[in-house]
Amino acid sequence: MSENVVHLHKPTDPPTTADTAPTVLTVVPDAPPAGPVPLWARSGRAVKSVATHESTRATVRAAARHGLYTFNGGRIVARRAWDGRTGSRYERMIRAAEAAGNLEAAEEWEERLQRFRAARHHRRMDLLHSPVDAAKGVAVGAGMSIGVLVALGVVMAINTGHVGDVITPLSATVDFIALLIRIVQVVWGPALSIGPFLALLALWSVGRKQHAAPNWALPANVRNSEGEPITPSIVVKALRDLGVPALARAIKEMGDAGASMLGPIRIAGCGVEVDVTLPSGVSTNEVQAKRRKLAENLTRHEHEVFITLPQAARTVRLWVADSGALDEPIGPSPLVTDDTMTADYTKGKAPWGQDLRGDAAALSLYQRHLLITGLSNQGKTVALRSLALWLALDKSVQFLMGDLKGAGDWAMFDGLADTLIQGPTDEHVIQVTEMVEGAVDEMNRRLQAPPGTVFPPLIVLVDEAQVAFMCPAKGTGKDKRPYGGAKADSRYFMAVRKIHNQGRAVNVLMWQGTQDPTNENLPKLVREGAHTRASLALGTESQARMALGDKAVDGGAAPNLLRPGLDRGTLVVASDGISIPAGQSSITVRTYYIDDDDATAITDRAKALRDGVTTLHAIDRGAEHDPLADIAAVVGDAPRVRTKDVLARLAARNSDAYGGWSFLDLKRVLDDADAGPYKSDGVMVVSRDRVARALANRDGEGSASAE
């Protein structure tokens with residue numbers, strides 16, 4: 001391998017060939033060495049690196065924090081001592097009450113101040129006499145003590161026979177006092193040295209508990225924590241920074257910085273509750289309108305703060321959840337966990353869920369029409385179904401059900417409900433409308449019964465009722481009335497209105513579930529006819545007013561502020577059938593979730609309580625009817641059924657044919673077929689075997705005559 005050699009000197013005999021070019025080498029001198037970095041620059045960099053290091057920052061924060069804990073702890077203790085020795089606390093409360101416009105409270109605090117001053121004056125006057133009294137007390141006490149010791153010594157001397165024992169107790173006492181003096185002499189020096197440190201430690205503890213340091217000096221878990229404990233100072237600061245000028249001015253003018261506005265902060269379930277008496281010039285709706293800002297000032301999300309209006313004037317009640325607590329599940333329903341649970345329509349309450357306090361929320365269903373609404377896929381059907389599942393455990397309750405979604409959410413009631421129609425088409429709406437009209441006929445029959453007649457509860461339940469109101473179908477033949485709509489000629493609308501008007505008096509009740517309410521799919525007269533109104537998450541305040549009414553919304557109900565999807569199953573309820581705190585018009589309930597498998601298990605228990613129910617899946621009101629065959633159908637598989645239950649089932653099956661039947665009509669048909677009712681356990685019943693034998697004999701005779 002050849003290498004090119006470059007000579008660094010000029011050759012004396014250059015080559016003479018013309019094609020050979022001379023080689024030129026450019027020599028680049030090395031860059032001069034960099035000068036040394038000045039000492040001041042290196043020192044500055046080092047100081048900056050050390051000063052900005054995270055360890056240095058943490059050390060400075062810790063030193064400042066603990067120093068300020070001690071200093072501000074001393075201020076807090078001094079303030080408490082000053083308040084305890086003077087009337088400054090009472091004067092602050094008087095100024096605060098005057099700033100809030102509460103003259104009665106101001107007069108009360110002024111009276112307390114006068115009592116405090118009188119008691120203090122009495123104590124000071126007692127001090128003038130106390131030295132003399134103390135001296136007398138010491139003299140008397142010393143004399144009595146010496147006398148007791150001498151007496152004890154005399155007893156000892158008599159017992160031992162030694163006269164010297166008379167002074168033995170006295171000398172022992174003197175020796176004990178001398179021992180105490182020596183102990184104090186030994187401990188006094190260290191105590192003087194350690195005492196100041198213990199005092200500083202006590203002040204530091206007070207400051208640490210109160211977080212008495214700037215925010216930048218606090219630990220990261222406190223400084224950046226979300227959901228810090230709710231204290232009076234935090235609530236007042238949140239209200240002061242709410243952006244209500246009159247409220248901010250009033251708090252600044254109060255001598256106690258606004259603390260007098262607050263009632264006691266009480267633990268309430270998974271959060272705390274406090275009543276705030278607003279100062280004069282600040283209305284409650286100004287605070288309600290700023291719920292999000294108030295929640296953020298309290299380091300909470302909007303859905304974790306609820307504002308309601310109690311009975312007291314110019315007062316708002318704040319319920320503040322523990323951070324993240326509302327996102328935790330509430331556990332299974334008692335209907336699922338307790339296989340022995342039964343229901344009582346008249347006196348019982350359905351276990352529906354828990355309120356925000358964590359207490360059980362139970363709803364009375366006795367003679368109350370029901371309406372549940374909300375956006376789609378928020379848990380409306382599950383919430384409605386859980387009430388029906390509980391009520392099904394009362395074997396006296398009868399159901400007529402229409403599911404206008406038809407997704408099988410109510411399929412487990414097949415064999416339990418007298419009628420179950422499932423489907424979303426216009427034909428299904430027609431069937432459901434005729435079912436509700438049949439309930440109206442049954443209601444009219446009950447209303448015309450003799451006074452004092454007791455009727456079993458009949459629940460007419462329609463899920464996805466907005467489908468019925470929006471149905472465009474009309475009747476055929478002479479009757480051209482529409483099935484849907486919100487006018488007086490709408491068959492479904494008028495049937496619901498009739499039940500709302502008079503049904504509760506004879507235990508015929510209308511339950512409806514609907515979604516995304518508007519004036520078209522949920523007419524005003526229908527929604528206002530419900531005694532119990534509940535709403536899941538909604539989109540707007542106007543929808544909230546449709547769902548719950550103006551009174552509930554003006555009182556703080558806000559289903560439009562629930563989070564769609566995240567607050568699934570959370571309801572705002574306005575009803576006298578549920579326990580609502582005094583002064584409030586609504587309550588928020590987190591309902592239990594019962595899945596389809598558990599719901600099927602519950603309905604199986606409910607079916608076991610009954611004699612057997614034949615569920616109709618369609619209404620055929622115009623067809624010819626066979627009384628004996630219909631009686632056999634409604635008796636079902638039960639060995640015997642009470643005659644009044646047979647009459648009720650016949651009316652539900654075909655109200656046109658059997659709505660006006662009495663016991664005499666039923667007895668006439670059965671006697672003609674040689675299957676008459678008889679008394680069992682004191683009540684009249686219809687025998688399944690007798691009816692079946694009568695049908696077989698009739699069919700056999702028909703076949704013989706045909707031959």
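The analysis underlying the following values was restricted to heavy atoms, covering all of them including side chains, and did not include hydrogens, waters or symmetry mates. Note that the numbering runs from 1 along the sequence shown for the chain.
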Contacts of type side-chain hydrogen bond (donor to acceptor under 3.5 Å, both in side chains), residue T284, not counting sequence neighbours: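 T284 satisfies side-chain hydrogen bond (donor to acceptor under 3.5 Å, both in side chains) with no other residue.
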Measure the spacing between [atom1] of [X] and [atom2] of [Y] and express it to the nearest 0.5 Å.
X	Y	atom1	atom2	answer
L616	M435	CG	CE	11.0 Å
L389	L384	CG	CG	9.5 Å
L509	I499	CG	CD1	9.0 Å
M510	L400	CE	CG	9.5 Å
E541	R545	CD	CZ	4.5 Å
M546	L371	CE	CG	12.5 Å

Salt-bridge test for [X] and [Y]: reply yes if a basic N is under 4.0 Å from a carboxylate O, no otherwise.
X	Y	answer
E437	K498	no
R446	E442	yes
R317	D275	yes
R642	D645	yes
R445	D441	no
D596	R385	yes
D355	R590	no

Has [X] got a side-chain atom pairing as donor or acceptor with [Y]'s backbone, closer than 3.5 angstrom?
X	Y	value
N521	T518	yes
E286	V282	no
D595	D598	yes
D665	S662	yes
Y345	Q367	yes
E528	L525	no
T532	L370	no
S490	Y483	yes
R533	R527	yes
T373	T514	yes

Distance-minimising heavy-atom pair for [X] and [Y]:
X	Y	result
E273	A268	CB-CB, 4.0 Å
P351	W390	CD-CD1, 3.4 Å
D414	K607	O-NZ, 2.8 Å
L365	W511	CD1-CH2, 3.6 Å
V397	R610	O-NH2, 2.8 Å
R649	V613	NH2-CG2, 4.3 Å

Got [X] and [Y] here, is their nearest side-chain heavy-atom distance under 4.5 Å?
X	Y	result
D394	T342	no
F469	P523	yes
D403	I421	no
I631	L650	yes
Q512	V496	yes
I307	L294	yes
L387	L391	no
D426	P472	yes

side-chain contact (heavy atoms from CB on, under 4.5 Å) between W319 and V305, worked out: CA-CA 6 Å; W319 185 87; V305 174; over 6 Å; no
With under 30° as parallel and over 60° as perpendicular, where do the rings of W410 and F413 fit, or are they tilted in between?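 It falls in the tilted class, 30° to 60°.
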Ring geometry between H531 and H369 (parallel below 30°, tilted from 30 to 60°, perpendicular above 60°):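 If you compare the ring of H369 with that of H531, the planes turn out parallel.
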What verdict does the side-chain contact (heavy atoms from CB on, under 4.5 Å) test give for E434 and R491, after you've listed the backbone C-alpha separation in whole Å, the side-chain angles of each residue and the deciding distance to 0.1 Å? CA-CA 9 Å; E434 293 177 346; R491 293 179 61 177; 4.1 Å; yes
Within 6.0 Å of CZ in R266, more than 12 heavy atoms from elsewhere: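 Correct, the count exceeds 12.
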Tell me whether I267 at atom CD1 has more than 12 heavy atoms from other residues, nucleotides or ligands lying less than 6.0 Å away. no
Decide side-chain contact (heavy atoms from CB on, under 4.5 Å) for V429 and L404; before the verdict, give the C-alpha distance in whole Å, the side-chain angles of both, and the deciding distance to 0.1 Å. CA-CA 7 Å; V429 172; L404 293 178; 4.2 Å; yes
Q515: which of K380, E464, K405, Q378 passes side-chain hydrogen bond (donor to acceptor under 3.5 Å, both in side chains):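 Filter result, single survivor: E464.
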Ignoring hydrogens and angles, state whether a donor on the side chain of T540 or N560 is under 3.5 Å from an acceptor on the partner side chain.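 The answer is no; no qualifying pair exists.
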Would Q466 and D516 count as having a side-chain donor-acceptor pair, cut-off 3.5 Å? no
Report the C-alpha distance between R605 and M341 in whole Å, list the side-chain angles of each, state the deciding distance to 0.1 Å, and finish with yes or no for side-chain contact (heavy atoms from CB on, under 4.5 Å). CA-CA 10 Å; R605 286 158 41 199; M341 177 175 285; 4.3 Å; yes
